[in-house]
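Following: one structure in structure tokens, then a few remarks.
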Amino acid sequence: MDHFLYKNGTLMAEDVLLSEIAAAVGTPFYVYSAATLTRHYKLFTEALAPLPHQVCFAIKSLSNVAVLKLLGDLGAGMDVVSVGEYLRAKAAGVPGDRIVFSGVGKKADEMRIALQGGIRQFNVESEPELAVLSGVATSLGLIAPITIRVNPDVDAKTHEKIATGKKENKFGIPISRAPEVYALAARLPGLKVVGIDVHIGSQLTELAPFEEAYAKVAALTQTLRAAGHQIDRLDLGGGLGIPYTRSNEAPPLPMDYGAMIKRVLGHLDCEIEIEPGRLISGNSGVLVSSVIYNKAGEDRDFLIVDAAMNDLVRPSMYGAHHDIVPVTEPATGGATQAYDVVGPVCETGDTFAKGRALAKVGPGDLIAFRSAGAYGAVMASEYNTRPLVPEVLVKGDQFAVIRARPTYDEILKRDSIPEWL
Ligand SMILES: *Cc1c(COP(=O)(O)O)cnc(C)c1O
């Protein structure tokens, strides 16, 4: 459920007309609904309520500081995968003891900043990383709380580019080697083991792969405790999928996910940490664009819009589907037309949809790409020197630009011509 609904024939973000934002900001732009973000975050806290827990929002899915402040004020922790994201979380007022640092390639400088600024835990992904973190912590006279990310070798049954829990993936250490890696962690100075971490992929549409992975984590918890390690916290990663089409998809609900976690891990007396990104942010945002041209091709009709692959890359990167709807509500049973919806970028891959049946629209009409809140604005670039797409936050009848579109002057000033040229 989200808060982008038609009222009086026009699409709204909560109580704000998308057309009003478009007039103020220009297109394309992303708009997020505070009520939807709040609702989705609370689905997880309610689902985990029977267990001690901390929900850490995966910032990489939507990293605007205003959104992080909204979630942080509700009590959310943050899962970060770079020091840049760490600094975003801090800028949003999230205390260090609610920030988890994930990622396979943390550098010493990043570790130093996070250790000095305060951190809940590092999710360590390799033995070399353990050694570097131990060195950094020791040099600062600090103790780094850690989990080790284990790779349980389960098939997440999702898109290959976002599956992370198979042995051929770069993530974590093989779960079979966990005992020796935990033994190494216990020997190294400056580290304190607090738990185990696992994350098997993104956009999972079944609970079974999660359950398979979590059962392996439950067994490992007992093995490691028997070897004398203190395992108080289980970080179960993110990955719960969302429906991208309104019609037939029904990914598992957070409530059922929570019940499964309690069933599989509840007896271990651990604090449960989860790192959802997409399920909180995905359906909380839409990308609004204007039609530039209708172009008749030889065997198809192109709808050329002013958003492009640089603004929303998921269709060209993953072949992802986004529902596309006109901002002016089409008459029920009105005529539709099949369009190839494309952007202005000079690549054939700049295609959002092929042969998509839409109500007839023409130049100047506004359309919205739904479910674009996650992995949308964060992946945007300025390819083709198209200014970075702005972001807007709506709450009730209020809206504000939370990242402005840069001017062409600002863009050009970032380049410099060397004196010797
Ligand atoms: C990407 C990622 C997440 C979030 O995944 P979603 O599918 O957006 O929920 C959580 N944890 C880690 C370690 C990740 O890399």
Side-chain angles (χ1 to χ4, degrees), residues 32 37 40-41 43-44 47-48 54-63 67-68 71 76-82 84-86 89 98-106 110 114 119-126 129 146-152 156-166 169-173 195-207 209-210 213-214 217 233-244 249 251-254 257-258 261 272-285 314 317-318 320 371-379:
Y32 310 119
L37 288 161
H40 290 165
Y41 168 71
L43 288 178
F44 282 112
L48 293 179
Q54 176 67 55
V55 176
C56 293
F57 176 59
I59 292 191
K60 75 173 196 277
S61 71
L62 172 54
S63 62
V67 169
L68 305 185
L71 293 170
M78 302 286 153
D79 172 52
V80 306
V81 293
S82 70
E85 288 191 349
Y86 176 85
R98 275 198 258 140
I99 305 175
V100 169
F101 201 152
S102 300
V104 291
K106 303 177 199 78
E110 297 186 291
I119 191 84
R120 180 176 176 82
Q121 93 224 10
F122 291 88
N123 292 334
V124 175
E125 301 221 14
S126 66
E129 184 190 336
I146 64 154
T147 71
I148 290 171
R149 177 169 175 180
V150 293
N151 184 327
K157 302 201 174 75
T158 184
H159 191 285
E160 63 167 327
K161 288 189 186 167
I162 51 176
T164 59
K166 288 284 285 171
N169 302 135
K170 69 182 173 185
F171 300 99
I173 56 133
I196 306 173
D197 173 45
V198 70
H199 170 73
I200 59 172
S202 196
Q203 186 54 19
L204 270 71
T205 53
E206 294 171 36
L207 283 184
F210 286 119
Y214 298 170
V217 168
R233 191 180 290 169
L234 300 177
D235 181 335
L236 305 178
L240 207 55
I242 62 167
Y244 276 98
E249 278 178 274
L253 300 172
Y257 177 67
I261 290 172
I272 299 297
E273 225 167 59
I274 55 168
E275 303 168 345
R278 189 188 312 265
L279 201 139
I280 292 176
S281 53
N283 284 322
S284 300
R314 298 187 67 258
M317 188 144 110
Y318 308 122
S371 312
Y375 307 104
V378 286
M379 286 192 177

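We count ligands from 1, going down the list as the structure has it; atoms in each ligand are counted the same way. Just so you know, these numbers use all the heavy atoms, side chains as well, and skip hydrogens, waters and symmetry mates.
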Legend entry - Centroid separation Y257 to F210 less than 6.0 Å: yes
Inset, instruction - Please state which part of T164 comes within less than 4.0 Å of ligand 1, counting heavy atoms only: side chain, backbone, both or neither. - result: neither
Inset, instruction - Verify, without hydrogens or angle tests, whether R98 (side chain) and A76 (backbone) share a donor-acceptor contact under 3.5 angstrom. - result: yes
Legend entry - salt_bridge(K170, E125) N-O dist < 4.0 Å: no
Inset, instruction - Determine whether P251 and L204 make a side-chain contact, defined as any pair of heavy atoms from C-beta on separated by less than 4.5 Å. - result: no
Inset, instruction - Classify the contact between H199 and ligand 1 as side chain, backbone, both or neither, using a heavy-atom distance cut-off of under 4.0 Å. - result: side chain
Inset, instruction - For ligand 1, find out whether one of its N or O atoms is nearer than 3.5 Å to an N or O atom of E275. - result: yes
Legend entry - Contact check: A58 vs ligand 1, nitrogen or oxygen atoms, below 3.5 angstrom: no
Inset, instruction - Answer yes or no: is there a side-chain heavy-atom contact under 4.5 Å between R278 and L240? - result: no
Inset, instruction - Give a yes or no on whether the backbone of G373 and the side-chain of S284 come within a donor-acceptor separation of less than 3.5 Å. - result: no
Inset, instruction - Consider ligand 1: state whether an atom of it lies below 4.0 angstrom from any non-hydrogen atom of Y375. - result: yes
Legend entry - For atom 2 (C) of ligand 1, closest protein heavy-atom neighbour: K60 NZ, 2.2 Å
Inset, instruction - Return a yes/no value for G239: is any of its N or O atoms, backbone included, closer than 3.5 angstrom to an N or O of ligand 1? - result: yes
Inset, instruction - Could you tell me whether the side chain of D79 and the main chain of E275 form a donor-acceptor pair under 3.5 Å? - result: no
Inset, instruction - Measure the distance from atom 7 (O) of ligand 1 to every protein heavy atom, then report the residue, atom name and distance (to 0.1 Å) of the closest one. - result: S202 OG, 2.3 Å
Legend entry - Heavy atom of V81, distance to ligand 1 below 4.0 Å: no
Legend entry - Any A374 heavy atom less than 4.0 Å to ligand 1: no
Inset, instruction - Would you confirm whether K106, through its side chain, and G103, through its main-chain N or O, come within 3.5 Å as a donor-acceptor pair? - result: yes
Inset, instruction - Show which atoms of ligand 1 fall inside a sub-4.0 Å distance from at least one heavy-atom site of P276. - result: 9 (O)
Legend entry - Short N or O distance, R278 and ligand 1, threshold 3.5 Å exclusive: yes
